[in-house]
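Here the structure is laid out as structure tokens; the discussion comes afterwards.
In what follows, chains are A, B, ... by sequence order, proteins preceding strands, each numbered from 1. When reading the values below, keep in mind they use all heavy atoms of this one structure, side chains included, and skip hydrogens, waters and symmetry mates.
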Number of protein chains: 2
Amino acid sequence: MTTTFGSFVRAKREKLRKQDSSFSLRRVAARIGVEPSYLSKIERGDHKAYLTEEKIRLLATELGEDPDVLLALSGKISKDVQEIIRRRPELFAQLIRDLKKMPDHAVLRIAREVRDGKW
Amino acid sequence: MTTTFGSFVRAKREKLRKQDSSFSLRRVAARIGVEPSYLSKIERGDHKAYLTEEKIRLLATELGEDPDVLLALSGKISKDVQEIIRRRPELFAQLIRDLKKMPDHAVLRIAREVRDGKW
DNA sequence: CATAGTATGTAGTATATAGTACACATAGAA
DNA sequence: TTCTATGTGTACTATATACTACATACTATG
């Protein structure tokens, strides 16, 4: 069950299509601004077909999915996140490596405390 | 004083060269495995010249600099850090955005507590 | 059954990324 | 002075990324 960007998008689009016929490949392609043949390639996992961050964000909005998740499935990290790390690389690169082995709930706890202004 | 990848590398290399003549552009280029003309372009900031992460790491080792800093100056994020974020994108992308406005000492404190196994 | 809409295959394009190869002019050391 | 090493300019290359354009075949519906 290796979820790829393509299979993930196709599955979600087909699901939405059951309720709403405007979720055909052609119509969705038009809404995000690419040719249908290209979205077709992407959904089928053509290794020479990629979307830019901008189009992935539009697609995420269309499908009601988290843009960061779709970007990740496409092998990308959001530009704004990259920029934050690039500005303080020693600090962030090391912190992320340290957080690597922590379970989700621990990372979430840190995130919550950060948001609550506990620091 | 906009520090670019090129100016940073050139400055550090020239500094090392004062003590050790093996830090000529040609010799360093040979050690990291690129043509001297190419390293020359890079040090002068040619916008069509880039090094791969691998060569940037070799260069960082040569110059005694932090690889993450050199990568950042080249507009890149280490592949291992990208991979960590890609595996848990909702969690990490959001945490990094939340940490954006925090001062270094606060981020450092979190990093220290994470390393000390406080979580 | 006609036809509108749908997915897909093939070919081509533009720009970015990551270099090599080689000639050239100059500065330093023997 | 001769030779060696140095930095740089120019031209060329290959692959990745991010698409368009168009033809074709299928599918569903009025």
Mind listing the residues from residues 69-83 of chain B sitting with a heavy atom below 4.0 Å of DNA chain C? Number order is fine.
B:Lys76
Value in whole Å for how far the P atom of C:dT10 lies from NZ of A:Lys48:
15 Å
Tell me whether the count of non-hydrogen atoms from other residues, nucleotides or ligands lying under 6.0 Å of NZ in A:Lys12 goes above 12.
yes
More than 12 heavy atoms of other residues, nucleotides or ligands under 6.0 Å from CZ of B:Arg31: yes or no?
yes
Rounded to the nearest 0.5 Å, what's the gap from OG on B:Ser74 to CD1 on B:Ile42? Could you check?
8.0 Å
Is there a donor-acceptor pair under 3.5 Å between the side chain of A:Arg88 and the backbone N or O of B:Lys100?
yes
Can any side-chain N or O of B:Glu90 pair as donor or acceptor with the backbone N or O of A:Asp66 at less than 3.5 Å?
no
Note: contacts of residues 24-46 of chain A with DNA chain C (heavy atom, under 4.0 Å) are A:Ser24, A:Leu25, A:Arg26, A:Pro36, A:Ser37, A:Ser40, A:Lys41, A:Arg44
Please give, in whole Å, the distance from C:dG28 P to B:Arg17 CZ?
10 Å
Donor-acceptor pair, distance only, cut-off 3.5 Å: does the side chain of A:Arg13 make one with the backbone of A:Leu63?
no
Look at atom CD of B:Glu54 and say whether more than 12 heavy atoms of other residues, nucleotides or ligands are closer to it than 6.0 Å.
no
Against the side chain of A:Arg10, the closest entry in D:dC19, C:dA7, D:dG7 is C:dA7
Does B:Arg27 form a salt bridge (charged side-chain N to carboxylate O under 4.0 Å, His left out) with B:Asp20? I'd like the steps, not just the answer.
CA-CA 11 Å; B:Arg27 309 278 294 277; B:Asp20 185 340; over 6 Å; no
In whole Å, what is the span from the CG atom of A:Leu59 to the P atom of D:dA18?
14 Å
